[in-house]
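Below is one structure; the comments refer to it alone.
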Amino acid sequence: MILISRNYSIFGRRRESMRRAVLSVAMLLSLVLFVLLYGTLSGEGAASSKTDRNDPVMNPLNENKTASHPSGTPFKVVIDPGHGGKDRGATGASGNFEKEFTLQLARKVEELAKQEPRIQVYMTRTDDRFISSVDRERPKFANDLDADLFISIHGNTYEDPGVSGTETYYYHKNSLSLADIMQRQVVQASGFRDRGAKKQDYFVLKDTDMPAVLIETGYATNPQEEKAMLTEEVQSRIAASILEGIKEYLKLK
């Protein structure tokens, strides 16, 4: 009888231990479930629940709008000549201002695009006009237009006049492929050093709803490079390369 009683006591303790373990696991799972539900309902999971219109993973059609673009409707492409008015931009080695070069080049792109019925170019400025950065006028113009692409044209500057080359900036993931295409096209046309496509948080890139790039075509502070940039021949080649880049990205070739 003593042996039997001891066995029952041992088995009883084991059952009690198992019951407590099961209850502990159940309580832990309930706590985890509560935390997950609370995070979702309180909005802490909002970043993963909202579709980022600039994220090609969450919104793949925004990576290249060709697939969903209405047939027969031209693509809206905003060309942004950097600076303007009292905002002169960089002062080149020759004393010329960046704002003049960017407008000349942008006009050439616009003129070439007139030969493409599938592309409609909209300019952020067509003259020597100041555009406020504080009011974010440039990205607002493109967003209100519901443009398909935004391309900002610039000339670079650096304290060392020996620095040269072309670089293209982007910010959102959906703009990387456009930046790569533009960088390759402009470098091939200009013959300038390839400085690559780089991510940068310029407001014209961050605040635009469509794929957007900023092209630093060359260094105005480099005497040799600026001299080439100011010629009709090089400007025409770069303008043609920008249009080719647009067509390549939109799969219009």
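Fair warning: this is a prediction, and the values are worked out from it, not measured in the lab.
- Ionic pairing of K114 and E110 is not present here: no N-O contact between side-chain nitrogen and carboxylate oxygen is shorter than 4.0 angstrom.
- Side chain to side chain, S164 and Q224 fail the donor-acceptor criterion of an N or O pair below 3.5 Å.
- Here CZ of F75 is found 11.5 Å from CD1 of I246. Values are rounded to the nearest 0.5 Å.
- Note on L103 and F97: separate hydrophobic clusters, where clusters join Ile, Leu, Val, Met, Phe, Trp and Tyr whose side-chain heavy atoms are under 4.5 Å apart, directly or indirectly.
- The side-chain contact (heavy atoms from CB on, under 4.5 Å) test with M182 is passed by exactly one of V213, T166, V187, L214: V213.
- Contact of the F101 side chain with the N96 side chain is not registered, since no non-hydrogen atoms from C-beta on lie closer than 4.5 Å.
- Between E111 and K108 there is no salt bridge, since no side-chain N of the basic residue sits under 4.0 Å from a carboxylate O of the acidic one.
- Residues meeting the side chain to side chain contact (heavy atoms under 4.5 Å, CB included) test with D144, sequence neighbours left out: K140.
- There is no side-chain donor-acceptor pair under 3.5 Å between Y171 and D201.
- For the salt bridge (Lys or Arg N to Asp or Glu O under 4.0 Å) test, residues two or more places apart in sequence or in another chain that qualify with E116 are R118, K247.
- With 3.5 Å as the limit, one finds no donor-acceptor pair spanning the side chains of Y122 and Q120.
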Q) Checking side chain to side chain contact (heavy atoms under 4.5 Å, CB included) for the pair N156/V163: CA distance, chi angles, key distance, verdict? A) CA-CA 10 Å; N156 221 334; V163 175; over 6 Å; no

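- Between the side chain of D128 and the backbone N or O of G84, no donor-acceptor pair lies under 3.5 Å.
- Taking the side chain as every heavy atom from C-beta outward, K99 and D87 never approach each other to under 4.5 Å.
- From D180, atom CG reaches atom OG1 of T168 across 8.5 Å, with rounding to the nearest 0.5 Å.
- A donor-acceptor contact shorter than 3.5 Å is absent between the side chain of S152 and the backbone of I79.
- M229 places none of its side-chain heavy atoms less than 4.5 Å from the side chain of Y219.
- Here the OG-CE distance, from S175 to M210, works out to 9.5 Å after rounding to the nearest 0.5 Å.
- Annotation: side chain of L149 is in contact with side chain of P211 (closest heavy-atom distance under 4.5 Å).
- With contacts defined as side-chain heavy-atom distances shorter than 4.5 Å, the pair P81/M123 qualifies.
- Side-chain contact between P139 and F150 is absent, with no heavy-atom pair separated by less than 4.5 Å.
- Enclosure of atom CZ in F130 by more than 12 non-hydrogen atoms of other residues, nucleotides or ligands within 6.0 angstrom is indicated.
- Geometric assessment of K199 against the ring of Y170 yields a negative cation-pi assignment under the 6.0 Å and 45° thresholds.
- Judged by distance alone, with hydrogens and angles left aside, the side-chain atoms of H172 form a donor-acceptor pair with the main-chain N or O of K206 at under 3.5 Å.
- If you take CZ on R107 and OG1 on T102, they are separated by 10.0 Å, rounding to the nearest 0.5 Å.
- Using a 4.5 Å cut-off on side-chain heavy atoms (C-beta onward), I151 and I215 make contact.
- No donor-acceptor distance shorter than 3.5 angstrom exists from the side chain of D80 to the backbone of G82, with no hydrogens or angles considered.
- Cluster annotation: V78 is not connected to I131 through the hydrophobic network of ILVMFWY side chains, with a link wherever side-chain heavy atoms come within less than 4.5 Å.
- E248 CD to S177 OG: the interatomic distance, rounded to the nearest 0.5 Å, is 9.5 Å.
- Rounding to the nearest 0.5 Å gives a distance of 10.0 Å between CD1 of I119 and CG of D148.
- Under the 4.5 Å side-chain criterion, counting only non-hydrogen atoms from C-beta, L105 is in contact with I238.
- No side-chain donor-acceptor contact under 3.5 Å links Q183 to the backbone of D194.
- Checked against salt bridge (Lys or Arg N to Asp or Glu O under 4.0 Å), E98 has no partners two or more places apart in sequence or in another chain.
- Side-chain heavy atoms closer than 4.5 Å link hydrophobic residues (I, L, V, M, F, W, Y) into clusters, and following such links, possibly through other members, connects L112 to V77.
- At distances below 3.5 Å, not a single donor-acceptor pair connects side-chain atoms of R237 with backbone N or O atoms of Q188.
- No side-chain donor-acceptor contact under 3.5 Å links N143 to the backbone of T208.
- Within a 6.0 Å radius of CZ in R88, no more than 12 heavy atoms belonging to other residues, nucleotides or ligands are found.
- Using a 4.0 Å cut-off between a side-chain N of Lys or Arg and a carboxylate O of Asp or Glu, E216 and K198 do not qualify as a salt bridge.
- By the rule that hydrophobic residues join a cluster once side-chain heavy atoms approach within less than 4.5 Å of another member, Y158 and F192 end up as members of separate clusters.
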